[in-house]
Number of protein chains: 2
Amino acid sequence: MTDTAPRPTLEAVAARAGVSRATVSRVVNGGDGVRERLAERVRKAVDELGYVPNQAARSLVTRRHDAIAVVVAEPEARVFADPFFARQLRGISKELTAHDNQLVLLLTEGRDDHARVGRYLAGGHVDGALVFSLHLDDPLPKLIRSAGIPAVFGGRPDWNGDQRGVLYVDVDNRGGARDAVRHLAGLGRSRIAHITGALDQTSAVDRLDGYRDVMVDADPRLIVESDFTPAGGERAMRELLARRPDVDAVFAANDLTAAGALRVLRESGRRVPDDVAVVGFDDILPVAEQTEPPLTTVRQDIEEMGRLMARLLLRELDPRAAEERVGGTPSSVVLPTTLVRRASA
Amino acid sequence: MTDTAPRPTLEAVAARAGVSRATVSRVVNGGDGVRERLAERVRKAVDELGYVPNQAARSLVTRRHDAIAVVVAEPEARVFADPFFARQLRGISKELTAHDNQLVLLLTEGRDDHARVGRYLAGGHVDGALVFSLHLDDPLPKLIRSAGIPAVFGGRPDWNGDQRGVLYVDVDNRGGARDAVRHLAGLGRSRIAHITGALDQTSAVDRLDGYRDVMVDADPRLIVESDFTPAGGERAMRELLARRPDVDAVFAANDLTAAGALRVLRESGRRVPDDVAVVGFDDILPVAEQTEPPLTTVRQDIEEMGRLMARLLLRELDPRAAEERVGGTPSSVVLPTTLVRRASA
DNA sequence: GCGGGCGGTGAGAGCGCTCTCGACGACCCG
DNA sequence: CGGGTCGTCGAGAGCGCTCTCACCGCCCGC
């Protein structure tokens, strides 16, 4: 343990500035109702002493923490293959920092951890939570709700039951999927297949729905279920080639899957995009740009998504905003996507 | 704001169990020196009331927070292209969770943020810090030191000045590089080139040193400086082909760079590995497995690195451990690497 | 010229917890 | 059988802050 010099207290600052604790407190917290002359003297004392408020003492009385929990309930796979997660965190971090809030990160590991997270959130250590829980059967949303703590979800949660007052920020997965498939159709392709993502996640379901919106009466054999992984993409593509060797386009539920599909197509002697055009989803840069050929894909602004989630939550927490909100509660947001054309379609 | 029911206090539990506050506190914190009969009664009361200790009140008196900061000082690029960061976080999170510590994440954005981070750390909101700051000129290490807060660095820091007592966990970059180059030599290659990483990071410097260890008197033209990015890898590879068209192997400082190099080699009509063998570094799965051909590379156990960093810091913070430590201060760790053979070399 | 406001300031009471210290039996030894 | 020791527990004093409330000048209006 490093011995830290005893940090100056409000008391010390007050003594130095020749005022009372209350006045120093007022100045430190915005300084309303303190005459400028005095305030100036206090600020000077604060600087000289290097005073930093003790957050614990402050929280004890205000019952606020200026801290937000970010709960990530991904069992390895997805989050850690993508830089996804990092991007969202960055967006969140930016927004929180701008409002002097801290980011407490909770990563969960299997079921047991849910209890721990629930306890933590219910324990009132943070003012709110941003939750990433993309699986349909996830207990987290209920847990959060029963913890009685304000929360915003990343991605549309889809649990059975009351959805009132549930805030989330999602990407327009369905619309993005439609754009992708329409793009393929616009290229003159008619036998457009879809390799789905893991269908226990709303994003995968929505992308599939988007595909169906355009391909209203597609051959069901053109739809192959997969799991968002490259290996899954390979398997699905093989299956697809067996079912419909005449397939001339593939819309994969994400870039990783598309990369797997691309490899199988190459193996099978198909040229991309000449014989089969391929579109992915996510625009994971190190992947989408590195594939052979580079991948046409649907981009989503992940960082913005994080930023928005944080903003929504902070607004929810701010009593001032709560007043303004009368008659217009803050609502969930769905972000647009854009098609990024590269060589694969 | 959600109205949270007033949470029960120690006082309430004490009343219910018919004991004093002090006794409840003892039970809650391990229960030494309390007769089992009483302790049992207290635990029952805790359960019934759903009591959760107020961390703020506790911190106020103990001056401990059971929270550590993770500071990531990466200007975008590296961290967010790799799943690197996510893996490390996971390792850290696991270890911290196991010891009931919270993880406060601080991402920095340019210079201004350093001051903010410094203030935060000096403010005594956390017990220690894990710092990722891979750039030679980074002010963070000094800042941390002057904040007087225990810290462990991820990657060997390299600032001028006193290094005593500086703890870090690093990967054996130099050894891994040696292995990579020896592997290429073992394949019968003699004109082995190296595309470096950004040389303002110790990892890049160490990898270059490892290359030099084996290629003691290599043609300097075989060494091309780059920056860890795919685009940089492409540029470097072009330069290399211009300088030494007879190059028969490339050791790239990381997988992203290798992927860029691979693309240029393909363009130029070289076959990999027949004409030119390529080895990367990091084993970033979604990249290394997706390249054409799949990349032989040097793997580092990133998650373990995070775990170790946390363990080191926690030990540093634990007064008990401090006693045991007499005569043997905890020291930095360098993790081994392993060569992963795929198709590119 | 005097009372009522009012803006500015200080005194003091807690927030919920830990921890020291002293009290109090029970138990042991001589 | 008396004095000391040990284990167990409660009383109470803060930790550093916010916030209410009372107080004190001063300015205004009549």
Side-chain angles (χ1 to χ4, degrees), chain A residues 4-43 45-46 49-67 100 102 122-127 319, chain B residues 4-43 45-46 49-67 100 102 122-127 319:
Chain A
T4 51
R7 298 203 294 129
T9 71
L10 249 204
E11 191 76 48
V13 177
R16 180 164 195 117
V19 298
S20 74
R21 241 171 32 238
T23 297
V24 178
S25 177
R26 278 188 271 259
V27 172
V28 170
N29 294 296
D32 297 339
V34 176
R35 244 189 297 260
E36 186 48 31
R37 264 181 49 83
L38 256 199
E40 190 47 52
R41 230 163 66 210
V42 170
R43 278 192 288 268
V46 165
L49 264 46
Y51 169 75
V52 184
N54 179 322
Q55 184 60 39
R58 180 180 281 175
S59 292
L60 184 54
V61 30
T62 59
R63 284 138 195 298
R64 300 193 65 252
H65 300 85
D66 294 322
D100 281 318
Q102 292 311 317
H125 303 286
V126 290
D127 300 330
Chain B
T4 51
R7 298 202 295 131
T9 71
L10 249 203
E11 190 75 48
V13 177
R16 181 166 194 115
V19 298
S20 74
R21 242 171 32 240
T23 298
V24 178
S25 176
R26 277 188 272 260
V27 172
V28 170
N29 295 295
D32 298 339
V34 176
R35 245 190 297 260
E36 186 48 31
R37 263 181 50 83
L38 255 198
E40 189 47 51
R41 230 163 66 209
V42 171
R43 278 191 288 267
V46 166
L49 265 44
Y51 170 74
V52 184
N54 180 321
Q55 184 60 41
R58 181 179 280 174
S59 292
L60 184 54
V61 30
T62 61
R63 283 138 198 297
R64 300 195 66 249
H65 301 85
D66 293 322
D100 281 317
Q102 294 311 319
H125 302 285
V126 291
D127 300 330

Mind checking what makes salt bridge (Lys or Arg N to Asp or Glu O under 4.0 Å) contact with A:Arg58, not counting sequence neighbours? none
Value rounded to 0.5 Å, distance of CG in B:Asn54 from NE2 in A:His125: 8.0 Å
B:Ser20: side-chain hydrogen bond (donor to acceptor under 3.5 Å, both in side chains) partners, not counting sequence neighbours: B:Thr23
Pairs under 3.5 angstrom, nitrogen or oxygen only, protein versus nucleotides 22-27 of chain D, please.
none

note: A:Arg64, atom CZ; C:dG16, atom C1'; distance rounded to Å ~ 19 Å
Distance from B:Leu49 atom CG to B:Thr9 atom OG1, nearest 0.5 Å? 8.5 Å
Check side-chain hydrogen bond (donor to acceptor under 3.5 Å, both in side chains) between A:Arg41 and all other residues, then give those that pass, not counting sequence neighbours. none
Kindly compute the distance separating OG (A:Ser59) from CG (B:Leu60), expressed to the nearest 0.5 Å. 10.0 Å
Just the rounded figure in Å: distance from C1' of C:dG16 to CZ of B:Arg58. 11 Å
I'd like to check the side-chain hydrogen bond (donor to acceptor under 3.5 Å, both in side chains) partners of A:Arg43; sequence neighbours left out, ordered by chain and number. A:Glu36, A:Glu40
Protein-nucleotide distance (B:Asn29, atom CG; C:dG16, atom P), rounded to Å: 17 Å
Could you walk me through whether B:Val27 and B:Val34 pass the side-chain contact (heavy atoms from CB on, under 4.5 Å) check? CA-CA 7 Å; B:Val27 172; B:Val34 176; 4.0 Å; yes
Whole-Å distance separating the CD atom of A:Glu36 from the P atom of C:dT9: 11 Å
Can you name the residues that form a salt bridge (Lys or Arg N to Asp or Glu O under 4.0 Å) with B:Arg21, not counting sequence neighbours? B:Glu11
Rounded to whole Å, the CG-C1' distance (B:Asp32 to C:dC19) equals 14 Å
Which residues pass the side-chain hydrogen bond (donor to acceptor under 3.5 Å, both in side chains) test with B:His65, sequence neighbours left out? B:Asp127
Which residues satisfy the salt bridge (Lys or Arg N to Asp or Glu O under 4.0 Å) test with A:Arg26, sequence neighbours excluded? none
Going 5' to 3' through nucleotides 5-15 of chain D and flagging B where a protein heavy-atom sits under 4.0 Å of the base, S where only the sugar-phosphate is that close, and - otherwise, we get ---SBBBBB-B
For the helix from C:dG1-D:dC30 to C:dG30-D:dC1, what is the angle between the axes at its two ends, each from 5 pairs, rounded to 10°? 40°
